[in-house]
Structures are given as structure tokens and as C-alpha cells.
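Chain letters run A, B, ... following the sequence lines, proteins first, then strands; residues in each count from 1. Just so you know, these numbers use all the heavy atoms, side chains as well, and skip hydrogens, waters and symmetry mates.
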Amino acid sequence: MRLWSYRIPIPLLLEAWGVQYFLWGVVSWLLWQLWGAQIQRAGIACILTRVLPLSILTSILVEMIWVLCFPNLPLNRPHMAYWHRLWFELSEELFDNVVIFWCAFGLFRGMGYYQSFREKEDAANQLEAQLAHAQISALRMQLNPHFLFNTMNSISSLMRTDVEGADMMLEQLGSLLRITLERGDAPLIRLRDEMEFIEMYLAMQDKRFVGRVQQSIKVDASLYDVLVPTMILQPIVENAYAHGLSKIDKGGLLAIEAHEDRGHLIFSVLNTGIGLVPDSSKRTGGQGVGLANIKGRLQLHYGDDHSFQISEIGRNTVQVTLSIPLQMSQSEEEETARFVAQ
Amino acid sequence: MIHTVLADDEVLARQKLRQLLRDEPDVDIVGEGASASETIELVRAAGPDLLFLDIRMPGMDGFDVVGALSSITDKPLPRIVFTTAYDQYAVRAFEIHAVDYLLKPFTTERLRTAVQRVRDQFSAPEQTTGQSNGKSKHESPYTTRIVFKSRGRILFLPVADIRWIGAEENYVRICTEKETHLLRETMAHLEVRLDPQVFLRVHRSSIVNLQYVKEVRTEPTGDFSVLLVNGQKVPMSRSYRSRVSELLIRG
């Protein structure tokens with residue numbers, strides 16, 4: 001806007017500018033409300049045929065209102081009629097107004113791009129999470145059935161010779177399955193719950209390896225509420241039996257231990273047996289699959305902040321060591337026990 | 001004789017109960033119902049002492065059966081032992097004073113325990129369940145049973161079966177004759193619920209059932225411990241010594 005005076009009072013100048021930008025604000029808001037989505041999507045053709053005329057029309061409209069608001073501008077000029085003043089202002093201001101319009105247009109487009117960028121990013125994140133989840137459940141699914149079939153086979157064998165034993169094992173299997181189902185898809189559980197599962201699993205293994213294996217579990221009570229990946233230990237213990245303890249006929253030892261070390265939870269599963277077979281990678285259905293699963297899950301949960309090692313620490317003694325960040329469960333779960341006075 | 005009715009819509013499930021209960025000489029099966037309505041009829045006609053009740057049955061479920069029975073008869077309801085594959089009804093079962101809750105598949109041993117609990121309830125009438133007429137004269141404010149899940153099973157554990165309780169950080173370990181169970185509970189919370197005439201806190205981290213205490217010992221180290229009848233030793237604080245001795249003499 002040109003006020004055509006070098007001695008223009010500051011309040012009037014501010015008022016004139018204020019009204020002009022206020023008008024543009026209102027117009028932009030209206031445009032956004034009415035055609036925001038179309039403006040964001042508009043192609044070249046649409047911009048040339050519709051937005052360009054719209055920019056000129058809008059600029060004229062804004063100027064018309066502005067001129068209406070300031071009847072005694074320009075200053076220091078003889079009084080002019082409305083149309084005269086409008087013409088006078090437009091000849092100077094139209095280009096500026098059109099530039100303002102296109103700035104607003106650019107802003108709209110930018111916001112549109114940013115929004116769709118965010119949406120895509122969100123979708124990508126969600127997809128990633130779903131994928132990780134699917135991977136975890138897929139990995140877990142690989143663990144369960146083969147344990148299930150082995151147990152069913154044991155029961156099938158027991159039921160011919162020891163009905164009570166078979167009965168007991170069925171109940172234990174039922175309990176194990178019930179617990180597995182109950183935990184559903186929770187990726188992390190309390191160490192105590194994982195250990196309960198392991199205890200049940202060990203009790204079943206004890207039935208199969210009567211008196212051949214001495215089991216020991218040492219977990220500090222202060223670690224009971226640490227979160228660990230669900231079913232992370234079972235495959236390790238299963239391996240200890242499959243590749244170590246099952247190869248010897250007496251005096252086996254299985255020691256499971258959990259302790260804290262510098263902000264990490266360290267698991268150690270130690271077993272006697274035949275030591276590490278040098279060419280273990282070539283065995284089919286052996287350590288390869290189960291342990292690759294564990295590594296995959298640890299990577300998914302903790303990135304590089306974990307470690308997993310298998311080593312022969314003595315003659316015919318193998319130790320698996322696993323370290324994960326110490327993370328305490330915060331949730332106060334539902335009441336575990338109910339009391340009744342009768 | 002414990003007159004018993006079996007209710008389960010599956011023939012094999014009833015057969016299992018029938019066969020296993022043959023080993024219990026005092027259990028007499030007076031009828032078997034394959035549906036909710038059949039069971040209601042049977043119980044009304046035979047007035048049994050004990051009902052083994054499946055929860056999911058065609059038509060009405062086990063709880064409906066109990067509801068229907070309590071509304072149509074003024075005779076005392078039979079003791080109820082639920083047998084089901086579903087664990088989510090345990091609390092409800094507990095609330096209607098079921099004696100036990102057997103999760104299928106259950107062992108002979110587990111069934112035996114359930115029958116024993118029924119016997120215990122008959123022989124200790126002052127501790128009868130809420131189904132009997134009115135309230136007993138001296139109702140105890142203390143817990144008589146604890147319901148919890150342990151190792152995929154549901155336990156309705158009478159507190160009388162608890163030998164001792166040990167604290168492990170945020171958990172307590174409840175020791176019975178054959179098993180131990182870890183519960184997410186605090187000692188303080190448990191202590192106020194247990195009858196102080198029976199259960200005594202002998203240490204910051206242990207409560208013993210005086211019924212199972214054999215003697216108090218002084219260790220060579222000068223520490224005290226409580227020796228249970230099964231030979232287990234429970235640590236004891238010096239300050240509790242006189243209290244324990246006093247209670248033991250009185251008992």
C-alpha cells in the first residue's frame with residue numbers, strides 16, 4: 001500500500017498495515033477452510049486455470065475492503081471517489097497482493113507436504129512395529145510345537161508302564177500350555193514368571209531323565225520383577241538336555257543362574273554332557289535353529305545392548321551366558337491371591 | 001458316606017471321575033447328569049452331599065445350576081467341586097464357596113486332595129461354608145483359605161495346610177507339605193490376615209504355623225531357629241523366642 005506521504009503518522013501506518021494483514025489472514029483462513037485440500041492436491045493445470053484467477057480476484061477483493069476501511073487515504077491528495085481510490089491503490093498494490101496470495105499458497109502446499117510426510121512416517125513406524133511383533137510371535141511359535149510333540153511321546157510311552165506318571169505328566173503339560181496361552185503375545189514378562197515356567201519344564205524333564213540329572217536354580221529374589229523376553233530360557237534349557245545331558249546316563253548337572261552385573265541381567269545355563277561338538281552347524285535340527293531364534297529376539301528387543309555366548313568352560317561342560325539390560329516391571333498387576341475368612 | 005452327583009456333558013469326563021472315585025471308599029455316586037437341567041433334577045431328588053460340577057455345559061452353565069438350586073430348594077446345597085478346562089471362573093467359584101476347582105486335565109492326586117477337603121469340611125462343622133444356614137457363632141475375621149494361581153493350576157489352599165511362609169523381596173513363598181508357591185504379596189499383608197493363635201511371625205522374613213512347630217533351637221552360632229515337624233528349619237529372631245515358647249507350651 002502506498003500512503004503517498006513522507007510525513008505519515010505512525011499509528012495510521014500501523015493501522016493500515018494491520019488491517020491489510022488481518023484481511024489476508026481472514027481470507028487465507030477462509031480459503032483453507034473451503035479449498036484447503038484441493039489447493040494441496042492441485043496440479044499444474046488446476047493452478048493455472050483456477051488458482052491464478054483466484055489469486056487476482058482475491059487480491060482485488062482484499063483491496064476493495066481495505067479501501068473501504070480508509071476513506072481518507074491517500075493523504076495529501078484531493079478527495080477522490082471510492083472507485084477512483086480503488087483504481088489508484090490497485091495500480092500500485094495489485095502485484096504486492098498477488099505475491100502475498102502466492103506466499104499463502106506456498107505455505108498451504110508446504111503444510112500439505114509436511115502432513116503427508118508425517119503420515120507416511122507414522123505408517124512406516126507402525127509397520128515396523130507390526131513386523132517386529134510378527135517376527136517375535138513367529139519365532140516363539142517355532143519353539144513350542146516340537147517340545148509339545150516330545151512330551152506327548154513321553155506320555156505315550158509312560159502310559160503303558162506307569163499310569164500315574166503319565167497322568168502327572170499330562171497335568172503338567174496342561175499347566176504349561178495354559179500358562180503359555182495366558183501369557184498370549186506379551187513380548188516381555190517378569191523373570192519370576194519365566195522361572196516358574198522353567199521350573200515346570202524342569203519338573204517334566206526330571207520325569208523323563210529319572211535321577212540322571214541334578215538340577216539347580218539360583219535366582220536372587222531382588223531380580224524377580226525384572227522384565228525378560230517371554231520364553232527366552234526354555235530353548236536354552238531344552239538345548240542343554242538335547243545336546244548335553246541326554247548323551248550321558250548318570251551324574252548330569254544342570255545349573256541355571258541369574259544375577260545382576262552393571263545394569264545388566266546375566267543368565268547362565270551350565271550343563272554337563274559331551275561338550276561342544278566342533279561341527280555343530282552341520283547337525284540338522286540342532287542348536288542352529290533354536291539359538292538363532294534367541295539371537296534374533298534379543299536383537300529385536302535390545303538392539304546391540306545384549307550379549308549371547310556359548311562356551312566350553314571345562315571338560316564336557318558347556319555354559320550359555322546371556323546378558324540383557326536390566327529393566328524393572330513397573331506394572332502393578334491384578335491381585336494374585338484372594339483371601340477369604342469364613 | 002458322601003453321596004455324590006457328577007455333572008459333566010462329556011461321557012469320558014464323567015467316566016474318569018467315576019473310575020477315580022472308586023478308590024475313595026466313603027464316596028458313593030448317586031447319580032450323573034449330562035446337562036444343567038438334568039443335574040438340577042438329580043440334586044433336587046437325591047439331595048447329595050457333594051457335587052462335581054463342570055462349568056461349560058450346553059444350555060446353562062455350572063453357575064446357573066448353583067443359582068437355580070439355591071432358589072428352588074431350602075435344603076442345604078451340596079458341597080461343590082468344579083471341574084473345568086477354563087481357569088477364568090476360579091474367583092467366581094471361590095465367591096460361591098466352592099470347595100475346590102479342578103483344572104482339566106487333573107491327576108488322581110489332585111482329585112484325592114479335593115475329596116479330602118470335602119471330608120475336612122464335614123468333620124469341622126464350625127468352619128462350614130457360607131451355604132449352610134446362617135452364620136456360625138464365632139465367625140473368625142481371619143483368612144481360612146487363599147486362592148491363587150501357581151504353575152498353571154488354581155489352588156484353593158486352606159491356610160491350615162501352610163507350614164510356613166518366607167519373604168523374598170516383593171514375593172512370599174508359601175510352603176505346604178509337598179510344595180512351595182511364590183506369591184506376589186507382602187508379609188505384612190499376609191500377617192494381618194492370618195490367625196495369630198496359629199500363625200506366628202518369628203522373623204522379619206518368616207511366619208510359621210505353630211501346628212507344625214516341633215521345637216525351638218539354639219544354633220551353635222547363637223542364632224535361634226524354629227524346627228518344623230518335617231525337619232525343616234526356619235530362622236527366628238531373638239525377640240520372638242519367648243513368645244514362641246509360651247505359645248508352644250500352651251498348645
Side-chain angles (χ1 to χ4, degrees), chain A residues 151-152 155 158-159 162-183 189-204 207 217-226 260 328-342, chain B residues 16 20 85-88 90-91 94-95 97 102-111 121 127-130 135-136 139-157 159 166-174 180-185 189-190 192-195 205:
Chain A
T151 311
M152 284 163 83
I155 293 168
L158 263 181
M159 70 185 196
D162 175 7
V163 177
E164 292 276 321
D167 207 20
M168 175 85 73
M169 209 162 195
L170 265 176
E171 192 204 50
Q172 286 173 328
L173 180 62
S175 304
L176 269 181
L177 289 178
R178 196 166 271 125
I179 280 200
T180 313
L181 280 177
E182 204 170 88
R183 290 187 183 154
I189 53 165
R190 289 195 170 121
L191 175 58
R192 169 57 213 152
D193 295 333
E194 178 73 2
M195 292 317 295
E196 182 181 50
F197 188 87
I198 290 293
E199 282 166 18
M200 291 164 68
Y201 177 76
L202 287 182
M204 292 189 72
K207 289 264 152 39
I217 298 183
K218 269 188 218 150
V219 176
D220 193 72
S222 63
L223 297 173
Y224 283 165
D225 283 346
V226 173
E260 191 203 330
M328 286 287 173
S329 164
Q330 298 301 329
S331 72
E332 278 307 314
E333 64 184 345
E334 81 287 1
E335 236 181 316
T336 56
R338 288 190 178 236
F339 302 89
V340 74
Q342 284 167 350
Chain B
K16 177 178 178 179
L20 295 183
Y86 301 87
D87 58 0
Q88 65 264 44
V91 170
F94 186 62
E95 279 161 3
H97 307 287
L102 303 184
L103 275 174
K104 295 171 182 172
F106 51 84
T107 58
T108 316
E109 183 60 34
R110 187 73 187 78
L111 179 67
Q121 286 203 359
Q127 283 206 354
T128 48
T129 65
K135 288 172 180 171
S136 53
E139 209 168 352
S140 159
Y142 298 110
T143 295
T144 53
R145 292 194 295 165
I146 306 177
V147 172
F148 56 93
K149 270 189 201 174
S150 175
R151 297 186 201 100
R153 293 168 306 161
I154 286 169
L155 283 106
F156 282 32
L157 186 72
V159 292
E168 299 188 16
E169 297 276 332
N170 297 330
Y171 292 74
V172 294
R173 188 176 288 281
I174 293 185
T180 76
H181 309 281
L182 258 189
L183 285 193
R184 206 159 190 289
E185 270 297 339
H189 196 236
L190 267 180
V192 297
R193 284 174 166 70
L194 295 170
D195 184 352
S205 62

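In this structure, NZ in B:K149 is found 11.0 Å from OG in A:S175, a value given to the nearest 0.5 Å. From B:K104, atom NZ reaches atom CD of A:E171 across 14.0 Å, with rounding to the nearest 0.5 Å. The structure places CZ of A:F339 at 11.0 Å from CG of B:L157, a figure rounded to the nearest 0.5 Å. Interatomic distance, CZ of A:R192 versus CG of B:L183, reported as 9.5 Å (0.5 Å rounding). Here the CG-CG distance, from B:L20 to A:D167, works out to 7.0 Å after rounding to the nearest 0.5 Å.
Top candidate by heavy-atom pairs under 4.5 Å with chain A, chosen from B:D195, B:L155, B:V159, B:D87, is B:D87.
Only the side chain of A:E164 comes within contact range of chain B, with heavy atoms under 4.5 Å apart. Proximity to chain A involves both the backbone and the side chain of B:R151, based on heavy atoms less than 4.5 angstrom apart. Neither the backbone nor the side chain of B:Q88 comes within less than 4.5 Å of any heavy atom of chain A. In this structure, the portion of B:L190 lying under 4.5 Å from any heavy atom of chain A is its side chain and not its backbone.
Counting all heavy atoms, side chain and backbone alike, B:E168 lies closest to A:A221 at CB-CB, 3.7 Å. Closest heavy-atom contact between B:T107 and A:M168: CG2-CA, 3.6 Å. When all heavy atoms of B:P105 and A:L170 are compared, the closest pair comes out as CG-O, 3.6 Å.
A:D225 places no side-chain N or O within 3.5 Å of a backbone atom of B:N170 that could act as its donor or acceptor partner.
Side-chain contact between A:R178 and B:Y86 is absent, with no heavy-atom pair separated by less than 4.5 Å.
A 6.0 Å sphere centred on CE of A:M152 holds no more than 12 heavy atoms belonging to other residues, nucleotides or ligands.
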